[in-house]
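For reference, the structure is listed below as structure tokens.
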Amino acid sequence: MRSEPEVPMSDTPFSISVADRVKRLPPYLFGKINKLKYEKRVAGVDVIDLGMGNPTDAPDPMITEKMAESLADSRNHRYSVSNGIANLRKEVAARYNRKYGVRLNPDNEIVTCIGSKEGFSHMCLALMGPGDTAIVPAPYFPVHVYAVALAAGNVISLDCREPEKFLQNVAYTCEHLYPKPKLVIVNYPHNPSTTVVEQDFYDDLVKLAKKYEFMVISDFAYADICFDGYQAPSFLSSKGASSVGVEFTTMSKSFSMAGWRVGFCAGNPEMVRALATIKGYYDYGLFQPTQIAAIVAMRHCEASVGTLAAEYQVRRDALCDGLERIGWEVERPKATMFVWAKIPEPWAQMGSIDFSMKLLDEGGVAVSPGRGFGEDGEGYLRLAIVENVQRLRQAVRQIDRCLNKTPAVSASAAE
Ligand SMILES: Cc1ncc(COP(=O)(O)O)c(C=O)c1O
């Protein structure tokens, strides 16, 4: 076997200068924790990883079987189309109609994305430019800020944990900022704070959008992970929503297909066209077997979405019960796959990054520090309920031991 020639790094004849848009990106605050997590794993520690909303459950077997069948068909190995095959877009329209009573034209009101994160980022590139301002919800899911920054836009972040106040602040910003914000990003059920809204929130948002002439992007990633009978409303169900904005949905969470990278953008035809145009230049669409399996998922596996949400609810209760038992103040979320927990005294002064490092280093439990979601997230931790109930209970025991100064144990040793 021929080995790759080594490329000496120091031989570059000129200094590499990356674009300003890369330099403008804020520092990645999860880096330190990810490095320690990696080191722990290399050292053989069985880290209980509640850091990322990365589902560990397998998709419905019907989905993987269809994927395998489609792989065997040689016609499915060519380039696909960047906006997604027609039958997939039709299936998205059918699901929107079934779930939310929203009628969408699959030809010009829906585009398939390589995960909703890709679609969201390119939508920001399609809409924003130098001098444009976007309002983003705070604490923020990082890409909501980074995508606007990469598009050379300015960001104003507004606390979204009290939705009515958020709308008042949007109106206030529109009244006082010149030029007015061009785009308002919303994300309910919200990552990381788990805040939810009812339909009237979107009714009011659409009215504001028309009044102040801003566009709306609704990131609806947690549409289906709802608890205790709560049903998250779709932005597109509000009258006139499609005239001012779009909504992103994803199969990552609802169908446990995060690695498959299947997301959708639906709503305003001009915004959808702008995204499709950019994507037409950048990509050739999703691997076709993935798209075919996604059709089967939406057509035949709706029951598994409900089962999955019920499982997340059981995990939510296991984690919240455990944390309350050790004296933490936690609000039981109505949706998402996270618990947003206030750092208890006397640890709050430590700051969420150092506290998370302590939990990982001494307790073997990885969580996301609130500060990783901007200044408004400080004082909190985000714990993803992606591990099973036994592991979540074990995580609470390890956190308790670590904070009460009992010598740290690895999960495997404690099990
Ligand atoms: C709020 C939010 N939007 C978007 C995404 C990305 O989803 P996708 O896997 O479809 O890119 C996530 C993933 O964690 C998320 O939490």
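Ligands are counted one by one from 1 in listed order, and the atoms in each one are counted from 1 as well.
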* May I ask you to say whether Glu39 pairs ionically with Lys35, meaning some side-chain N is under 4.0 Å from a carboxylate O? => yes

For a distance cut-off of 3.5 Å, show me each N or O of ligand 1 paired with any protein N or O, plus the separation.
residue: ligand 1; atom: 3 (N); partner: Asp219; partner atom: OD1; Å: 3.2
residue: ligand 1; atom: 3 (N); partner: Asp219; partner atom: OD2; Å: 2.6
residue: ligand 1; atom: 7 (O); partner: Ser116; partner atom: OG; Å: 3.2
residue: ligand 1; atom: 9 (O); partner: Ser252; partner atom: OG; Å: 2.6
residue: ligand 1; atom: 9 (O); partner: Arg261; partner atom: NH1; Å: 2.8
residue: ligand 1; atom: 10 (O); partner: Ser116; partner atom: N; Å: 2.7
residue: ligand 1; atom: 10 (O); partner: Ser116; partner atom: OG; Å: 2.9
residue: ligand 1; atom: 10 (O); partner: Thr250; partner atom: OG1; Å: 2.6
residue: ligand 1; atom: 10 (O); partner: Ser252; partner atom: OG; Å: 3.4
residue: ligand 1; atom: 11 (O); partner: Ser116; partner atom: N; Å: 3.2
residue: ligand 1; atom: 11 (O); partner: Lys117; partner atom: N; Å: 2.9
residue: ligand 1; atom: 11 (O); partner: Arg261; partner atom: NH2; Å: 2.7
residue: ligand 1; atom: 14 (O); partner: Tyr222; partner atom: OH; Å: 3.4
residue: ligand 1; atom: 14 (O); partner: Lys253; partner atom: NZ; Å: 2.8
residue: ligand 1; atom: 16 (O); partner: Asn191; partner atom: ND2; Å: 2.7
residue: ligand 1; atom: 16 (O); partner: Tyr222; partner atom: OH; Å: 2.7

Residue pairs meeting salt bridge (charged side-chain N to carboxylate O under 4.0 Å, His left out), one or both in residues 275-298, sequence neighbours left out, come to Glu118-Lys279, Lys279-Asp283

Partner of His144 under ring-ring contact (aromatic ring centres under 6.0 Å, His included), picked from Tyr140, Tyr146, Phe141, is Phe141

Given the options Asn169, Ile185, Val170, Ile135 meets side chain to side chain contact (heavy atoms under 4.5 Å, CB included) only with Val170

What class does the angle between the rings of Trp328 and Phe355 fall in, given that below 30° is parallel, 30 to 60° is tilted and above 60° is perpendicular?
tilted

**Asked** Do the charged groups of Glu109 and Arg273 touch, with an N to O distance under 4.0 Å?
**Response** no

